[in-house]
Structure formats: structure tokens, C-alpha cells
Amino acid sequence: MSTTDMASNSNYWEDLRKQARQLENELDLKLVSFSKLCTNYSSSTLDHQKRDRSDSGVSSQDNMLVAMTTELEQLLANLTAVNDKMAEYTNTPGASSHNAALMHTLKRHRDILQDYTHEFHKTKSNFLSLREREDLLGSVHRDIESYKSGSAVNNRRTELFLKEHEHLRSSDRLIDNAISIAMATKENITFQRGIFKSIQTRVTTLANRFPAINGLIQRVNLRKRRDSFILGGVIGVCTILLLLYTFH
């Protein structure tokens with residue numbers, strides 16, 4: 001490689017380092033300003049809410065934050081591009097003799113880029129969380145003020161809504177209790193039915209052995225069927241009465 005090429009490559013490397021340092025300095029200043037602006041956003045928002053002013057001040061601050069965020073993202077993209085060019089330069093044949101020093105310098109610039117990127121994303125994330133919280137607090141504050149400034153008619157309507165809501169909740173509890181009682185009754189009847197079937201099987205076996213008992217078994221079956229009808233009717237009437245009481 002000629003002396004001219006070496007000098008040209010050296011100047012190219014120095015130009016890249018100069019661009020990287022310039023971008024890093026700009027990023028450092030912008031990140032400080034961005035952090036201060038995000039920190040002051042909460043107090044400014046609360047002041048405007050307390051003074052009941054228009055949202056022009058807060059909107060102006062939002063516009064500044066959006067513009068600064070875009071500018072920081074562009075600076076980070078430019079610094080990333082410069083680092084990529086420096087990485088490409090270290091892989092050229094002419095830079096092999098100074099490869100260790102070049103790689104050390106490149107690593108330092110990449111570490112700085114990583115730190116600035118992490119700080120930017122952390123500040124931006126904190127700001128978004130803060131703005132979301134402030135918006136929620138502002139919404140709650142407006143709802144409270146709207147409720148306080150409401151007329152007597154609105155207050156009466158709210159009271160009626162609350163009473164209706166409580167009535168619906170009471171109805172739900174009564175229906176749940178009725179369903180629980182019905183389920184328990186069903187389980188009990190199912191259990192008794194199993195017992196009756198077992199008894200019926202045993203009695204049928206005895207009746208087959210002793211025909212004289214067959215007439216007694218038929219009378220028992222008729223009485224059991226009649227008792228089942230009576231019990232089902234009582235449960236149905238109780239359920240209907242409970243539902244009528246609930247919805248009236």
C-alpha cells in the first residue's frame with residue numbers, strides 16, 4: 001500500500017472518530033434536556049389542571065417532547081451508522097497493522113452508543129408511564145369535579161341507580177340461594193332414589209320367592225309414586241313463589 005493510501009485511510013478513520021465524538025456530545029446534551037423536560041412534565045400538567053386553563057401549554061410541551069424524541073432517535077441512528085462504518089474500516093486490509101488499537105477505539109464508541117441508547121429508552125419509558133398516570137389522575141379529577149357540580153336531579157338519579165344496583169345484587173343473591181337449595185334437594189332426592197332402588201331390588205327378590213308379598217309391594221310402590229308427585233309439586237310451588245318475590 002502506498003503512503004498516499006495510508007494517509008487517506010488514516011484521514012477517513014479520523015473523520016469517522018470526529019463524527020462519532022460530535023454525535024456523542026450532541027446526544028449527551030440532548031439527553032440531559034430530555035430528562036429535565038420529562039421530569040417537569042408532571043408539575044406543569046398539575047398546574048394547568050388546578051388553574052383550569054386550556055390545554056395549549058400542555059400541548060406545547062407535548063410537541064416539544066415529540067420533537068426532541070424524534071431528534072434523539074435520529075442522532076442515535078446516525079451514531080449507529082458511524083459505528084458501522086468504523087467497524088467496516090477495521091476489516092479493511094490496510095488497517096490490519098493497527099487492528100488492536102482500532103478495535104479498542106471502536107469498542108469504546110460502541111459502549112457509549114449502548115449507554116446512550118439505554119438511557120434514552122429508559123427516560124422515554126418513564127415519561128410514558130408518568131404521562132399515563134397523569135392522564136388517569138386528570139380524568140379522575142374531572143370526574144370528581146363533574147360530580148360535585150352536578151344538579152340535584154343528577155344526584156337523585158345517581159341515588160336511584162345505586163338503589164337499583166343494590167336491589168339487583170340482592171336479587172342475584174336470592175337466586176343463587178334458591179339454586180343452591182334446588183341443587184342440594186336434587187342431590188338428596190338422587191341419593192334417596194338410589195336407596196329406594198336398592199330396597200326395591202331386595203323386596204322384588206323376596207316377592208319372587210314369596211308370591212304372597214307381591215300385593216304388598218305394589219301398594220308400597222303406588223304410595224311411593226304418590227309421595228314423589230307431592231314432593232315435586234311442593235318444590236315447584238316454592239320455587240315459583242321465590243322467583244315472584246325476587247322480581248317484584
Side-chain angles (χ1 to χ4, degrees), residues 11-91 100-151 154-155 157-158 161-162 165:
N11 291 334
Y12 178 69
W13 174 258
E14 290 300 326
D15 289 340
L16 291 176
R17 290 189 59 188
K18 183 179 179 180
Q19 294 178 25
R21 286 194 297 267
Q22 183 178 356
L23 290 171
E24 289 167 359
N25 291 333
E26 292 182 13
L27 278 169
D28 186 53
L29 296 175
K30 293 292 184 181
L31 284 173
V32 172
S33 300
F34 183 66
S35 179
K36 290 181 179 180
L37 190 59
C38 292
T39 304
N40 295 331
Y41 181 84
S42 174
S43 58
S44 299
T45 304
L46 290 177
D47 288 342
H48 281 278
Q49 289 175 355
K50 291 178 181 179
R51 296 171 187 174
D52 195 22
R53 295 180 179 176
S54 63
D55 294 337
S56 59
V58 179
S59 299
S60 176
Q61 195 175 32
D62 287 338
N63 292 333
M64 292 177 59
L65 286 168
V66 171
M68 188 169 291
T69 300
T70 303
E71 187 175 358
L72 283 169
E73 290 175 348
Q74 185 61 44
L75 288 173
L76 288 172
N78 293 339
L79 184 57
T80 302
V82 172
N83 283 343
D84 291 340
K85 291 179 180 179
M86 295 174 71
E88 292 177 0
Y89 177 80
T90 58
N91 295 325
L102 297 180
M103 292 301 296
H104 176 74
T105 303
L106 176 61
K107 183 179 182 304
R108 183 168 61 84
H109 285 291
R110 281 181 171 175
D111 292 340
I112 294 174
L113 173 62
Q114 184 178 3
D115 292 340
Y116 285 158
T117 303
H118 176 73
E119 183 179 354
F120 168 69
H121 288 298
K122 180 180 178 181
T123 304
K124 182 180 178 182
S125 177
N126 292 337
F127 163 70
L128 292 177
S129 300
L130 177 63
R131 186 168 63 178
E132 183 179 357
R133 186 184 65 181
E134 295 298 339
D135 291 342
L136 179 60
L137 291 176
S139 177
V140 172
H141 179 74
R142 288 190 296 271
D143 291 341
I144 293 174
E145 292 298 327
S146 177
Y147 177 79
K148 289 181 179 179
S149 62
S151 62
N154 291 332
N155 293 334
R157 184 179 300 172
T158 302
F161 285 158
L162 292 175
H165 178 67

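We count residues from 1, following the sequence as given. In what follows, every heavy atom counts, from backbone to side chain, and hydrogens, waters and symmetry copies are set aside.
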Interatomic distance, CG@L102 vs NZ@K107, rounded to 0.5 Å, equals 15.0 Å

Distance in Å, H109 NE2 paired with H104 NE2, rounded so as to fall on 0.5 Å steps = 9.5 Å

Between CG on residue L31 and OH on residue Y116, distance to nearest 0.5 Å = 7.5 Å

Partner of L27 by side-chain contact (heavy atoms from CB on, under 4.5 Å), out of V32, L79, D115, I112 | L79

Has the side chain of T69 got a donor or acceptor atom that lies under 3.5 Å from a matching backbone atom of L65?
-> yes

Give the minimum heavy-atom separation between M68 and K30, together with the two atoms involved.
-> SD-O, 4.0 Å

Who passes side chain to side chain donor-acceptor pair (under 3.5 Å) against E132, sequence neighbours left out?
-> none

Show me, pair by pair, the donor-acceptor contacts under 3.5 angstrom made by side chains of residues 118-125, not counting sequence neighbours?
| unit_1 | atom_1 | unit_2 | atom_2 | d |
| --- | --- | --- | --- | --- |
| T123 | OG1 | E119 | O | 2.9 |
| K124 | NZ | E73 | OE2 | 3.3 |

Closest non-hydrogen contact found for N83 with L106 is O-CD1, 3.7 Å

Value rounded to 0.5 Å, distance of CZ in F34 from CD in E71 = 11.5 Å

Beyond-backbone contact of M86 with T90, side-chain heavy atoms, under 4.5 angstrom = no

Walk me through it: do W13 and T105 pass the test side-chain contact (heavy atoms from CB on, under 4.5 Å)?
-> CA-CA 11 Å; W13 174 258; T105 303; 4.0 Å; yes

Any residue meeting side chain to side chain contact (heavy atoms under 4.5 Å, CB included) with N78, in chain and number order, not counting sequence neighbours = L23, Q74

Between CG of L75 and OG1 of T80, what distance do you get to the nearest 0.5 Å?
-> 10.5 Å

